[in-house]
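Report on the structure given below.
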2 protein chains.
Amino acid sequence: MKDNSVYKRSHNACLDLIRSHATGALLGSEPSLAQFLEVSRTTVRTILSSLAAAGILHVEGREKRVLRHPYDDEYFPVTETESSAELVERKFMELILKGDLKPGSMINTLELARQFAVSTSAIREYLSGFNRFGLIAKRPNSSWVFQGFTRAFALELSDIRELFELKSIEVFAERVGTEQGRRKLKELKTAHIDLLDRVETDYHNFSALDESFHRAINDASQNRFIREFYDVISLIFHYHFQWNKIDERERNEVAIHEHLAIMEALEVGDIRQARKAAAHHLESARKTLLRSIRDA
Amino acid sequence: MKDNSVYKRSHNACLDLIRSHATGALLGSEPSLAQFLEVSRTTVRTILSSLAAAGILHVEGREKRVLRHPYDDEYFPVTETESSAELVERKFMELILKGDLKPGSMINTLELARQFAVSTSAIREYLSGFNRFGLIAKRPNSSWVFQGFTRAFALELSDIRELFELKSIEVFAERVGTEQGRRKLKELKTAHIDLLDRVETDYHNFSALDESFHRAINDASQNRFIREFYDVISLIFHYHFQWNKIDERERNEVAIHEHLAIMEALEVGDIRQARKAAAHHLESARKTLLRSIRDA
DNA sequence: CAAGTGTGCTTTACCGATAATAGACAGAAA
DNA sequence: TTTCTGTCTATTATCGGTAAAGCACACTTG
């Protein structure tokens, strides 16, 4: 059966929304709330009923009036807002990156299902999707094999990344000629300069900025395979650096400067220099990834 | 529940094996049969029992003697040797390539399950794996959307293919320096020349040869992402050209010559020429794919 | 008449169960 | 001592069912 994590997550988001309203204010229509919360009207209506029952909203006809702000204990705990699939992803990545799973070892779906407290179907489905990350392989009618977060993996991943991103940056460079492209570049550059000012304290925010910078470049390629591949990169970096915090501040500061070098070259239309700066940055990224890998 | 298609397929393969033996001959051990048939010993033992019961083999202790050759009607029909997953793949590709599924239309898993006579789980799992082919997209908690086998798709696919294959051919060229590489090249070249001789009648055999040629090149890259991507290419071409037979003989003959041009350049170690020939061949492949797409 | 709501019907996400298949281990044969 | 077989256990592939969530359509309301 399906759990109601979608409802619980949206319920929490809706409580946040209510807190941003004054008591007595009115919420928008059901369709507008549905769009805001990114769920169906059915879910919105379920939430509205429960909020009305809790005395947080007065709901009658089109009127959805805020009666009071919610208490903290009226939020659902975060653990309940996670869908089965999300839980599996999180736990599985932890398993890999904490090194509990040794390269070459078999993955037992039944065992994982027990360990994660989900059904084997959930595990099975996750693994078949995770397959594209190149870290596991399947033998028919038998189990999955974890191939290891190895040096070889990091090299192969980096090779493709460089191939794709150097191609993408060419297209991105052309885009800078357009009004939209120039605006995007300016926006990214400003964000970088801002972060650089507060780098001493906010260096951990770089992760999100890094993602949007590279995502912008890769998206310019207009190629679904390149964009999809960046999902792989993104997931690997996201989880990997949650478990490897060494030198985080220095690494991030260096990366910000490298990003800025790329953007400055793009700004003045020096494509040769942009290529060079991008290649240099990707080379650093490769080294960073390799350095954090245990096996030799 | 699981069907016994593995058993049936292996049973058929085993009948073939028996036909290649004289009456009175002995089959190998269970482990050796298991390895040959690529299944577990459990399945081998099931097959042996049934063949003994049918009077085809005499099985006693280590002796597995052929009593008679099987009749044609002792083979399981091919439809029963297909696993649920394979059936779904085949039917789904037909659906796409026959054009029954319009670009932008939603894919109803329940409806497909009924249509293909499998469970929704089978469909669900197939679609989530098929996702990597870039032809469908999913909106959370809602249905998959078919994005269409469009001109854009063909272009994006071809772009990546060229990027990867031109990179791979560099590595392949180095490999030709080794004994193993030279042998592989020679083997492929001979197969091409052979097929060229009988091209008038056997042109449809090119498909398999094409696959092994490109697979050999891509495998040389030693990069799991490149190799995996060739699965996408392979599937697309495999099914696509099953439904588009126009000009097949001419296309294939031209392609054989293009392959030979690449191999001849590699043989004499002219990497520049090999690159050029490969680029030219990939360009033809791109044009062929584009020409066969309906929409403008 | 455009947008919102009420309602009922679809469809998805996920679970638990079961037959097929794989795998492990002890003892037998070569 | 190596390889094979007999037997038992573990694991996978797949199904069918159920609550949650999405969706469509008629009916209101401004």
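Note that the structure is predicted; figures quoted are calculated from it, not measured. Protein chains get the first letters and strands the later ones, always in sequence-line order, with residue 1 at the start of each.
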| Quick one: A:E80 CD to D:dA20 C1', roughly how many Å, whole number? | 15 Å
| remark: Rounded to whole Å, CD of A:E30 lies from C1' of D:dA21 at a distance of 15 Å
| request: Would you mind reading off the distance between A:M106 atom CE and C:dG23 atom P, rounded to a whole angstrom? | output: 6 Å
| query | Which part of the nucleic acid, if any, lies within reach of A:T46 when heavy atoms closer than 4.0 Å are counted: base, sugar-phosphate only, or nothing? | reply | nothing
| request: Take B:V6 and B:R139, find for each the nucleotide of DNA chain C with the closest heavy atom, and name the residue whose nucleotide sits nearer the 5' end. | output: B:R139
| query | Got a second to check how far A:S20's OG is from A:H69's NE2, nearest 0.5 Å? | reply | 7.5 Å
| field | Aromatic ring proximity B:H11/B:Y75, centre distance under 6.0 Å | value | no
| field | Selected nucleotide, minimal atom distance to A:S29 side chain, candidates C:dT5, C:dT12, D:dA13 | value | C:dT5
| request: Kindly say whether, by distance alone, the side chain of A:R41 makes a donor-acceptor pair under 3.5 Å with the base of C:dG4? | output: no
| query | Within the pair A:S142 and C:dG23, is there a side-chain N or O less than 4.0 Å away from OP1 or OP2? | reply | yes
| With nearest nucleotides of DNA chain C determined for A:S84 and A:E63 from heavy-atom distances, which residue corresponds to the more 5′ nucleotide? | A:E63
| query | Once you round it to whole Å, what is the distance between P of D:dG22 and CD of A:Q35? | reply | 14 Å
| Does OP1 or OP2 of D:dA21 have a side-chain N or O of A:K8 closer than 4.0 Å? | no
| field | Under-4.0 Å side-chain N/O to phosphate OP1/OP2 contact, B:T43 with C:dA22 | value | yes
| message | Could you check whether B:F164 and B:Y230 have their ring centres less than 6.0 Å apart? | response | no
| Side-chain N or O of B:N141 closer than 4.0 Å to phosphate OP1/OP2 of D:dC23 | no
| task | Classify the nucleic acid contact of B:S121 as base, sugar-phosphate or nothing, counting any heavy atom under 4.0 Å across all strands shown. | result | base
| query | Do A:T42 side-chain and D:dC23 base share a donor-acceptor contact under 3.5 Å? | reply | yes
| task | Determine: side-chain N/O of A:T120 to OP1/OP2 of D:dA13, distance under 4.0 Å, yes or no. | result | no
| Whole-Å distance separating the CZ atom of B:F116 from the C1' atom of D:dC15 | 17 Å
| message | Over all strands shown, is B:S83 touching base, sugar-phosphate only, or nothing at heavy-atom distances under 4.0 angstrom? | response | sugar-phosphate
| field | Lys/Arg cation over aromatic B:F237: B:R161, 6.0 Å, 45° cone | value | yes
| Contact check, side chains of A:S128 and B:S128, non-hydrogen atoms, under 4.5 Å | yes
| So, do B:H21 and B:L26 sit near enough that their side-chain heavy atoms are less than 4.5 Å apart? | no
| message | So B:K64, base contact, sugar-phosphate only, or nothing? Heavy-atom distance under 4.0 Å. | response | sugar-phosphate
| query | When only distance counts, do a donor and an acceptor, one from the side chain of B:K2 and one from the base of C:dT21, lie under 3.5 Å apart? | reply | no
| task | Tell me what B:L127 touches on the nucleic acid: a base, only sugar-phosphate, or nothing, going by heavy atoms under 4.0 Å. | result | nothing
| request: Please state how far atom CZ in A:R62 lies from atom P in D:dC27, giving the value in whole angstrom units. | output: 16 Å
| Nearest nucleotide by nearest heavy atom, which residue falls closer to the 5' end of DNA chain D, A:V44 or B:S5? | B:S5
| request: Calculate the interatomic distance between A:L110 atom CG and D:dT11 atom P; express it in whole Å. | output: 6 Å
| task | Would you indicate what B:I123 reaches in the nucleic acid, counting non-hydrogen atoms under 4.0 angstrom: base, sugar-phosphate, or nothing? | result | nothing
| Does any N or O donor sit under 3.5 Å from an N or O acceptor when you compare the side chain of A:R45 with the base of D:dG22? | no
| said: Within 45 degrees of the ring normal and closer than 6.0 Å to the centroid, is that where the cationic atom of B:R68 sits relative to B:Y71? | reply: yes
| request: Find which nucleotide of DNA chain D each of B:S32 and B:M1 is nearest to by heavy atoms, and output the residue with the more 5' nucleotide. | output: B:S32
| query | What's the CZ-P distance between B:R114 and D:dG17, to the nearest Å? | reply | 13 Å
| Any side-chain N or O of B:N4 under 4.0 Å from OP1/OP2 of D:dA13? | no
